[in-house]
Asks: 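Take a look at the following structure, please.
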Amino acid sequence: MSTTLDRTVTTYDLASTPLREVNQALHADDVEGTYVIENPRGAHNVAVGLDAPVEVTVRGHLGYFAAGMNQQAEVTIEGNAGQGVAENMMSGSVRVTGNASQSAGATGRGGLLVIDGDAGARCGISMKGIDIVVGGSVGHMSAFMAQRGRLVIRGDAGDALGDSIYEARIYLRGHSASLGSDCVEKEMRAEHLEELAGLLKAAGYEDDDPAAYKRYGSARTLYHFTHENEY
Amino acid sequence: MCGIVGLHLRSPELYPRLGELLTGMLCEMEDRGADSAGIAVYGNDAWSPAGRGTVSLIDMALPAEEVAAALTADAGEVIETTVVGNVLLASGRLGSEVLLAAVRRVYPGVLVGGFGEDLAVLKGTGSPRTLAESWGLPRAEGWQGVGHTRMATESAVTSAGAHPYAVGPGECLVHNGSFSNHASIRRDLKAAGVLFDSENDTEVGARFVAHKLAGGKAVDEALTDLTRTFDGFYTLLVSNRDSFAVVRDAIACKPAVIAETDDWVAMASEYRALAHLPGVENARIWEPEPEVIYHWNRQEALV
C-alpha cells in the first residue's frame, strides 16, 4: 500500500493474490479510494459487481466480463478486454485503452463505456440505457436489438449495424458495411449535435466535430408484426 | 466450450522451448474442457526423427518391440517405435504414407492419430494437464505445435473423438464449436470414398480439408471452400508441416485471439493462454475477422 498526496492507493498483484480476494476486497461495505490491479494476464471477471465510487485501474489485458455489472465505480483497463466488458453496467464508467472483444457493454443500463481502440462484433447488443463511445471501429451486428442509450462510433461499423434496433441512438463517423433490419439514417438536428458533443467530451474526444457524424436509429416498422415484415 | 492453442515459431532460438511454451498454453485452456486433449508437434526429433516418416498409433496396447518387428516385416524397412504415454510412434526411412499403409495392413483396427514427416500427434482422454505430463510435453522441441482441450458435445469421450484430427499427410486440424450440417457432408465424402474413424463433427471438417488438399487445392482455397460448405459455429486452426492457418465462421461467436511478434505467431481461444509467451507485451494482438483466412508459412531457414 502506498500513499499519494491526498488519497490512498491500494495495489493488488494478481500474480500473487487470488482474484477472489481482490474482488471480495472491492466488494467490502466500506470500500473507498483508489485501486491498482497488476499482472491480470487475461483473467476473467476482474472487478465485477463493483458498487461504490472507487477508482480501479487494471494494468494489462483482461479476459471475459471485466467490470461487469458496474455501479458507481470508475474503472480503467490499460490494455485489451475480452468479451462482455462492462456487461450490464448500471452507472459509473469503464474505459478500455486497447481493443475490446465482442458484446462490449451488452445489456448495459447506464454509465459510460469508452473503448479507445476497436470493439468486436455485437458491441452494445441489447443496450438498455448505457452510453458507449468507441474510438475505433465496431464489428458486425453492433447495437443489435438496442433499446435505449447512445452508441458513438468514431471509425467504421461492420455488417448489419443496428439490426432490429428500438429507441437507442447510433452516431457513426465512418462507414457502415450495411445497416441491419429496420435501422435507418436519421436527421442530425441541433439537439443531436449537442448530445453527441456532450458524449464526445465525456469520453475525451472533444476535438471531434459532431457535424462529421451521421445518426442512425429505428424506422419503427418492426414494432408490430404485419404480413409485410421481412425477415 | 473447447480450447484451441497453436504456436508457430519463427526464431530458431525458441525451438528448444516449444514444448514448454505449448504446455503452458494447453494447461491454461484446461478450464474450457478437460474431457480429452491432444497435441501435434512439428520438428521434435525424439518423436518424429528428421528424414523419416512417422505414424502415431493411439492407445496401442501391444509391446513396442512386437509392433516394430511386425511393421518391419511388412514394410521391408527397419521401423523403430517410441512409446510416449498412451501413444506409440512408429517411424522409418520411408514415406509416412507408405508406413501408414503398412500399419493399416498389420493393425487394421488401430486408431491412427496422424502421420507425416516431422510430425507427431498425441491425443487421449483425461485432463490436459495429466496428459501433457504423461507425454513429457514440456521437454519437446520443434518449430510448430497445436493443441486442443475438449468439452465433448458432438460425440463420445474417446481418443477417437479427441482432437487434433490429423487425417492428411503432415496436416492437422483443431476446432472449437460445432458443425450443424456435418452429417450431409459426411455422406458426400463417404460417397467419394473417404473413410472415417469416429462420429465426431470435427473429423468431417478435417476430412473435407484433406480431401481438398489432396485434390490439389492450397490451404487458403480449401478453407474458403470450407466456409462456403459448413454451417455452424467454428474457430479452426489448420496446420501443415510448413503452414499455420486460422479461420472463423460468419457469426464468429467462438473466441479466438491471434498474437504476432518477429519471433512467433500464436493463436488461442483466449488471451490468457498467450500471457506467458516471451515478448507478448510487445506483440500485435487481434481477433480474427469472420470468414477471413489468416495464413502463415514457415520461412525455411534450413537447407
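Chain A is the first sequence line, chain B the second, and so forth, proteins listed ahead of strands; every chain is numbered from 1. All heavy atoms count here, side chains included; hydrogens, waters and symmetry mates do not.
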Asks: Which bit of B/Ala273 comes within less than 4.5 Å of chain A, counting heavy atoms only: side chain, backbone, both or neither?
Replies: neither
Asks: Given that the side chain runs from C-beta out, which part of B/Ile285 has a heavy atom under 4.5 Å from chain A: side chain, backbone, both or neither?
Replies: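 Interface part for B/Ile285: both.
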Asks: I'd like to check the side-chain hydrogen bond (donor to acceptor under 3.5 Å, both in side chains) partners of B/Asp188; sequence neighbours left out, ordered by chain and number.
Replies: none
Asks: Only pairs under 3.5 Å, no angle test: what donor-acceptor pairs are there between chain B and chain A?
Replies:
{"from": "B/Arg32", "atom 1": "NH1", "to": "A/Tyr64", "atom 2": "OH", "distance (Å)": "3.1"}
{"from": "B/Ile251", "atom 1": "O", "to": "A/Arg122", "atom 2": "NH1", "distance (Å)": "3.2"}
{"from": "B/Ile251", "atom 1": "O", "to": "A/Arg122", "atom 2": "NH2", "distance (Å)": "3.1"}
{"from": "B/Ile251", "atom 1": "O", "to": "A/His140", "atom 2": "NE2", "distance (Å)": "3.1"}
{"from": "B/Ala252", "atom 1": "O", "to": "A/Arg122", "atom 2": "NH2", "distance (Å)": "3.4"}
{"from": "B/Glu270", "atom 1": "OE1", "to": "A/His44", "atom 2": "NE2", "distance (Å)": "2.5"}
{"from": "B/Arg272", "atom 1": "NE", "to": "A/His44", "atom 2": "NE2", "distance (Å)": "3.3"}
{"from": "B/Glu287", "atom 1": "OE1", "to": "A/Ser101", "atom 2": "OG", "distance (Å)": "3.1"}
{"from": "B/Glu287", "atom 1": "OE2", "to": "A/Ser101", "atom 2": "OG", "distance (Å)": "2.5"}

